[in-house]
Amino acid sequence: MNARSRWGRRVVAPLAAVALLAQPLVASGNEALLAENLLSHNKPVTVSSVEDETTGGALAVDGDIATRWASAEGVDPQWIAVDLGGPATVSRVKLAWEAAHASDYQVQVSSDGKAWKDAKKVTGGDGGTDEITGLAASARYVRVLGTKRATVYGYSLFELEVYGTRTGGGDVEPPSAPAGVRSPSSTSDSIDLAWDPARDNVGVTGYEILRNGNVIGTSAGTSFTDTGLVSATAFTYTVRARDAAGNVSTQSAAIQASTKPGGSPNGTTIVVSGDIASPDLPENHRNTAKLVEGINPQYVLTVGDNQYHDGTIAEYRAHYDKSWGKFKPITKPTPGNHEWNDKLNGYKQYFGSIATPQGKPYYSYDIGDFHFVALDTDPIVNGASSKAEQLAWLKRDLAANTKSCVVGYGHHPRFNSGKYGDDKLMAPVWDEFVKARADLVFSGHDHHYERLKPLNSQGKVDEANGVRSAIVGIGGDSLYTQIKKREGVESSFAKHGVMKLVLSGKTYSWEIVGVGGTLLDKAGPYTCR
């Protein structure tokens, strides 16, 4: 199951077809909504089926937009139901669909979890986020019943959120929202948070901390340290309180806090990633584009397969341009095999002279003490007639270089622990970098991240004469999890993100930034030869 969602906020009227509104997910200013509470968070869930053990129903009410419930594929109807823990008046329901969404579905309510009645019926749904308001339904249980799938897969929800007020006996009053949220201090990879105690008629038992809208931790007191973050990056935090009865407060006012720079504040920041924009998985490349925006680099380097499936100009305009396109003026791209499906026509038309600054789809340029070599590797691995010409150019280019540091990048990796493995057809390119005592080579093609020690022409670890490399095929397309670590691998995983590469004088270092700004890997600083 490779599909993922696309976002937008929608308010669904009774018995109305779904209509997408392209605006941020923000809280309504309506006075009625101010009294609402989130009733469904971490409450018991039952489902009709699951796709596998990693997509259970509880993941749809955990507050984490990176996890999801998914039903069995290809079967109608399917459902997910949440027990609110007691009688309530349900005012609205928010559904954050994965790309495997419902075209037709009902939001249903029940007092006993057995007899259900429709609160809203939705037809013609197109995915994203549905915000269903004006329910005013008395219920203890809320169910989403999917009756028509929009894809060949099943039904999948990142989050099911039910809002309203508890009624009936027992403690039904939620705590007040925490006030005074602040960040007393931070480091390059952590942020300290503190807040004033919330109030409750019985007693507050703990707090939930949200980063960029997702629950990332809990605290029994009024402080929390968020760790494993990317340097020099801003994050948005809110806090909510919980009492012993499970009542959850509204979120606090949001604050922004930033990590400190991890390296030289005067360095050059570059983002590197590849295998980016798929028409089938729009939210993935939109998420990685948000990471780039937060990093605010001076340059963006792509390692091929920027646009799936064929790299046509229509595909580029419909997908890549809507996310990574905002960085085109600072992009130094390379093509992949998917761009070659269209014989580079769409690639060249979209990027213009940026794609061929020296008249060919391979070129070089300098940034400070670094010499960068951008390659078009598909003709090399396919033995095209232009292979010899590109290799001859590479030899001349490396021989003429006067910079202390050399970095190469292109689509196909020479050494690789992933699905495609080592590629002997890339040996002539790798050998030229070894002869030139290059410092670093980036590639994509395999949809995972991999960091390798310096390897020589035989693929053996050689700290003195080998070339360091990394595979960064994590920009947005479906991930490949078939990783069998070869010699020299220092780190590897299949998670979406981008590389934040920092150049400072004759040194370089990088961080792998995961969706949400988490730090997935860190390397360096290394000194050029």
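Numbering of residues begins at 1 and proceeds along the displayed sequence.
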### Query
Does the side chain of Gln298 come under 3.5 Å of the side chain of Thr268 through a donor N or O and an acceptor N or O?
no
### Query
Where the side chain of Glu159 meets the backbone of Gly63, is there a donor-acceptor pair that is under 3.5 Å apart?
yes
### Message
With a 4.5 Å cut-off on side-chain heavy atoms, are Ile474 and Asp275 touching?
### Response
no
### Task
Sequence neighbours left out, what passes ring pair (Phe, Tyr, Trp, His ring centres under 6.0 Å) with Phe370? Give chain and number order.
none
### Task
Would you check, one step at a time, whether the test salt bridge (Lys or Arg N to Asp or Glu O under 4.0 Å) holds for Glu490 with Arg451?
CA-CA 5 Å; Glu490 295 178 310; Arg451 169 164 55 92; 3.0 Å; yes
### Task
Would you kindly check if the NZ (Lys) or CZ (Arg) of Lys120 is within the cone defined by 45 degrees around the ring axis of Tyr105 and under 6.0 Å from the six-membered ring centre?
no
### Query
Does the side chain of Tyr409 reach to within under 4.5 Å of the side chain of Val373, using non-hydrogen atoms?
no
### Task
Could you tell me whether the side chain of Lys500 and the main chain of Ser231 form a donor-acceptor pair under 3.5 Å?
yes
#### Entry: Flag for Ser364-Asp397: side-chain donor and acceptor within less than 3.5 Å
yes
### Query
Does one side chain, of His101 or Asp126, offer a donor that lies under 3.5 Å from an acceptor on the other?
no
### Message
Taking the six-membered ring for Trp, are His448 and Tyr480 closer than 6.0 Å centroid to centroid?
### Response
no
### Message
With a 4.5 Å cut-off on side-chain heavy atoms, are Phe493 and Ile512 touching?
### Response
yes
### Task
Assess the side chains of Ser323 and His285: does a donor N or O sit below 3.5 Å from an acceptor N or O?
yes
### Task
For the pair Asp305 (side chain) and Asn337 (backbone), establish whether a donor and an acceptor sit closer than 3.5 Å, ignoring hydrogens and angles.
yes
### Message
Walk me through whether Arg143 and Thr46 qualify under side chain to side chain contact (heavy atoms under 4.5 Å, CB included).
### Response
CA-CA 9 Å; Arg143 182 169 77 169; Thr46 55; over 6 Å; no
### Query
So is Arg68 actually on top of Phe158's ring, under 6.0 Å and inside 45° of the axis?
no
### Query
With distance as the sole criterion, is a donor-acceptor pair present between the side chains of Arg486 and Ser417 under 3.5 Å?
no
### Query
Below 4.0 angstrom, N of the basic side chain to O of the carboxylate: do Asp439 and Arg468 qualify?
no
### Message
Holding to side-chain hydrogen bond (donor to acceptor under 3.5 Å, both in side chains), I want the full list of residues that pass it with Glu339, two or more places apart in sequence or in another chain.
### Response
Asn306, Tyr316
## Note on the structure
Of all heavy-atom pairs linking Gln78 and Ser49, the shortest is OE1-OG, 2.7 Å
### Residue pair Val142 / Gln108, side-chain heavy-atom distance below 4.5 Å
no
### Query
Got a second to check how far Ile65's CD1 is from Leu210's CG, nearest 0.5 Å?
11.5 Å
### Message
Under a 3.5 Å threshold, yes or no: a donor from one side chain and an acceptor from the other, between Ser71 and Trp79?
### Response
no
### Message
For Ala289, is there any backbone N or O sitting under 3.5 Å from a side-chain donor or acceptor partner on Glu293?
### Response
no
### Message
For the backbone of Thr334 and the side chain of Thr302, can you confirm whether one donor and one acceptor N or O come within less than 3.5 Å of each other?
### Response
yes
### Message
Using every non-hydrogen atom in the two residues, find where Asp321 and Arg317 come nearest and quote the distance to one decimal.
### Response
CB-O, 3.7 Å
### Task
Please report the closest heavy-atom contact between Ser156 and Trp69, naming both atoms and the distance.
OG-O, 2.9 Å
### Query
Considering residues, nucleotides and ligands other than Lys328, do more than 12 of their heavy atoms fall under 6.0 Å from its NZ?
yes
#### Entry: Side-chain donor/acceptor of Asp104 to backbone N/O of Gly125, under 3.5 Å
no
### Task
Please identify each residue that fulfils ring pair (Phe, Tyr, Trp, His ring centres under 6.0 Å) with Trp393, with sequence neighbours left out.
Tyr362
### Message
If you compare all heavy atoms of Asp423 against all heavy atoms of Pro413, which two are closest, and at what distance to 0.1 Å?
### Response
CB-O, 3.4 Å
#### Entry: Nearest heavy atoms of Asp62 and Leu59, plus distance in Å
OD1-O, 2.9 Å
### Message
Return the CD1 to OG distance between Ile276 and Ser278, rounded to the nearest 0.5 Å.
### Response
12.0 Å
### Query
Measuring from Asn214:CG to Thr236:OG1, what's the distance to the nearest 0.5 Å?
11.5 Å
### Query
Ignoring hydrogens and geometry, is there a side-chain-to-backbone donor-acceptor pair from Thr331 to Pro333 under 3.5 Å?
no
### Query
If you look at every heavy atom in Asn284 and His496, which pair is closest and at what distance?
ND2-CE1, 3.4 Å
### Message
Is it the case that the side chains of His411 and Asp376 hold a donor-acceptor pair, with the cut-off being a distance below 3.5 Å and no angle test?
### Response
no
### Task
Report yes if some heavy atom in the side chain of Thr259 is under 4.5 Å from a heavy atom in the side chain of Ile191; otherwise report no.
yes
### Query
Quick one: are Glu161 and Leu38 in side-chain contact, heavy atoms under 4.5 Å?
yes
### Query
Just checking, any donor-acceptor pair under 3.5 angstrom between side chains of Asp366 and His371?
yes
### Task
Evaluate the ring planes of Trp510 and Phe442, with Trp represented by its six-membered ring, and classify them as parallel (under 30°), tilted (30 to 60°) or perpendicular (over 60°).
perpendicular
### Message
Does Ser492 form a side chain to side chain donor-acceptor pair (under 3.5 Å) with Glu450? I'd like the steps, not just the answer.
### Response
CA-CA 4 Å; Ser492 64; Glu450 182 171 348; over 6 Å; no
### Message
Measuring from atom CG of Leu519 to atom CG of Asp189, what distance do you get when rounded to the nearest 0.5 angstrom?
### Response
6.5 Å
### Task
Kindly indicate whether a cation-pi arrangement holds for Lys332 with Tyr299, taking the cut-offs as under 6.0 Å to the six-membered ring centre and within 45° of the axis.
no
### Query
Any idea how Phe372 and Tyr365 line up, ring-wise: parallel (<30°), tilted (30 to 60°), or perpendicular (>60°)?
parallel
### Task
Report yes or no: do Asn416 and Asp446 form a side-chain donor-acceptor pair below 3.5 Å?
yes
### Message
Any non-hydrogen side-chain atom of Val498 less than 4.5 Å from a side-chain atom of Val292?
### Response
yes
### Query
When you measure from the side chain of Ser469 to the backbone N and O of Val441, does any donor-acceptor pair fall under 3.5 Å?
no
### Task
Ignoring hydrogens and angles, state whether a donor on the side chain of Asn382 or Trp340 is under 3.5 Å from an acceptor on the partner side chain.
no
### Exam field: side chain Gln307 to backbone Ala277, donor-acceptor pair closer than 3.5 Å
yes
### Task
Would you confirm whether His338, through its side chain, and His309, through its main-chain N or O, come within 3.5 Å as a donor-acceptor pair?
yes
### Query
Does a side-chain N-to-carboxylate-O contact under 4.0 Å join Asp76 and Lys148?
no
### Query
With a 4.5 Å heavy-atom cut-off, do Val429 and Asp431 have their side chains touching?
no
### Query
Hey, do the aromatic rings of Tyr320 and Tyr347 have their centres closer than 6.0 Å?
no
### Summary
Separation between CG (Leu440) and OH (Tyr508), nearest 0.5 Å, reads 5.0 Å
### Query
Do NZ/NE/NH1/NH2 and the carboxylate oxygens of Arg92 and Glu131 come within less than 4.0 Å?
yes
### Task
Indicate whether the side chain of Lys522 and that of Ser509 have a donor and an acceptor atom separated by less than 3.5 Å.
no
### Query
Between Leu503 and Ile367, is a side chain to side chain contact (heavy atoms under 4.5 Å, CB included) present by the stated rule, with each step listed?
CA-CA 9 Å; Leu503 314 180; Ile367 301 175; 4.2 Å; yes
### Query
So, do Trp430 and Phe415 have ring centers that fall under 6.0 Å from each other?
yes
